[in-house]
Protein chains: 2
Amino acid sequence: MSRSNPRVVSVLERAGGFASAQEVYRLMQREGESIGLTTVYRSLQSLVNDKIVDVLRREDGEAIYRLCGGAHHHHLVCKGCGETIEIEGGAIEKWAKTMAEEFGFRDVGHTAEIFGLCPKC
Amino acid sequence: MSRSNPRVVSVLERAGGFASAQEVYRLMQREGESIGLTTVYRSLQSLVNDKIVDVLRREDGEAIYRLCGGAHHHHLVCKGCGETIEIEGGAIEKWAKTMAEEFGFRDVGHTAEIFGLCPKC
DNA sequence: GCACAAATGAAAATGATTTTCATTTCCATA
DNA sequence: TATGGAAATGAAAATCATTTTCATTTGTGC
């Protein structure tokens, strides 16, 4: 079994928000780190098992990972040009917690994104 | 462009809850319906466009579909067993509107989902 | 019947993820 | 310092859902 790889953690830290396995791999390549795609996948799985990393899914089904506990934010995405603005969740955090409690859910995370046309488009 | 296929709708009705494209296909085969996998995918996409069908993702990334009332709602999804509860957005609707206005976005929609472990898992 | 657009589906392509398997790296102990 | 085995690694192949291609079929109005 492969161990949680500190180099992968480091990349996730620098990536800030979410990153897919493929993105982590590409980033490490670009930075001259020598690592195989297989190892990236195994490290991420291991990190998820250890609850160091959170996994969820993009709209297209690709798995995306982020460090747990790190401050998280949401996105305002332009349908026209793709510009993305990071925004605060505000009321959402409370909403998620309330809903989860109401239905007895534990170990809870959430996603929320807003999309529309930005002023330029 | 392919049209929303009533035979696919019918299968989703009989399936009750969620079904993946592959499952819909297998079900139709088993029932002697002559249909191609490609057509199943196209029909489901079309149904999603028309907001007749809801799509979300299994833990493994496979897309699953089900008929939905059409009313705008959000999901509370169990990471363990996949059980899904439809919940009200409440504060989110206002949050999305506020954020969009703040940045001058028009024509705005949003997604929000909560995931965690349900009481049984 | 005829032409033309839409629908269909088989097969190939795509892309993420997993598996296989041979090799390399670690590490404890002789 | 050897050495033997366990864990880690990664290249390449396999898997599997989904999409694309493209040739054929179906339906509809004239």
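A, B, ... follow the sequence lines: proteins, then strands. Residue 1 opens every chain.
One can place CD of A:Q22 at 8 Å from C1' of C:dT17, the figure rounded to the nearest angstrom. Distance, B:R7 CZ to D:dT26 P: 13 Å, rounded to whole Å. The nearest whole Å value for the distance from the OH atom in A:Y41 to the C1' atom in D:dA12 is 15 Å. For A:R42 and C:dC21, the CZ to C1' distance is 11 Å, given to the nearest whole Å. Rounded to whole Å, the distance from CG on B:L37 to P on C:dA11 is 12 Å. A:Q45 places its CD atom 15 Å from the C1' atom of D:dG10, with the value rounded to the nearest Å. Rounded to whole Å, atom C1' of C:dG15 lies 13 Å from atom CZ of A:R57. Going from atom OH of B:Y25 over to atom P of D:dT19 covers 16 Å, rounded to whole Å.
Annotation: of the two residues near DNA chain C, A:A21 and B:G36, the 5′-most nearest-nucleotide partner is B:G36. Nucleotides of DNA chain C nearest to A:T38 and A:R26 differ in position, and the one nearer the 5' end is that of A:R26.
Checked by atom type, the side-chain pair A:R42/A:S46 shows no donor-acceptor distance below 3.5 Å.
Few gaps surround CD on A:E33; more than 12 heavy atoms of other groups in view lie less than 6.0 Å from it.
Side-chain proximity of B:N5 to C:dA11, C:dT8, C:dT18: nearest is C:dT8.
Checking each of B:L67, B:D54, B:I52 against B:L47 for a side chain to side chain contact (heavy atoms under 4.5 Å, CB included) leaves exactly one that passes, namely B:I52.
Listed here is the closest heavy atom pair of A:W95 and B:G89: NE1-O, 3.1 Å.
Counting any heavy atom pair closer than 4.0 Å across all strands shown, A:E23 reaches no nucleic acid atom. Among the atoms of the strands shown, only primed sugar atoms or phosphate atoms (P, OP1, OP2) are found under 4.0 Å from some heavy atom of B:E62.
No hydrogens or angles were tested; on distance alone, nothing pairs the side chain of B:S20 with the base of D:dA17 as donor and acceptor under 3.5 Å.
Distance CD/A:E88 to NE2/A:H74: 8.0 Å, rounded to 0.5 Å.
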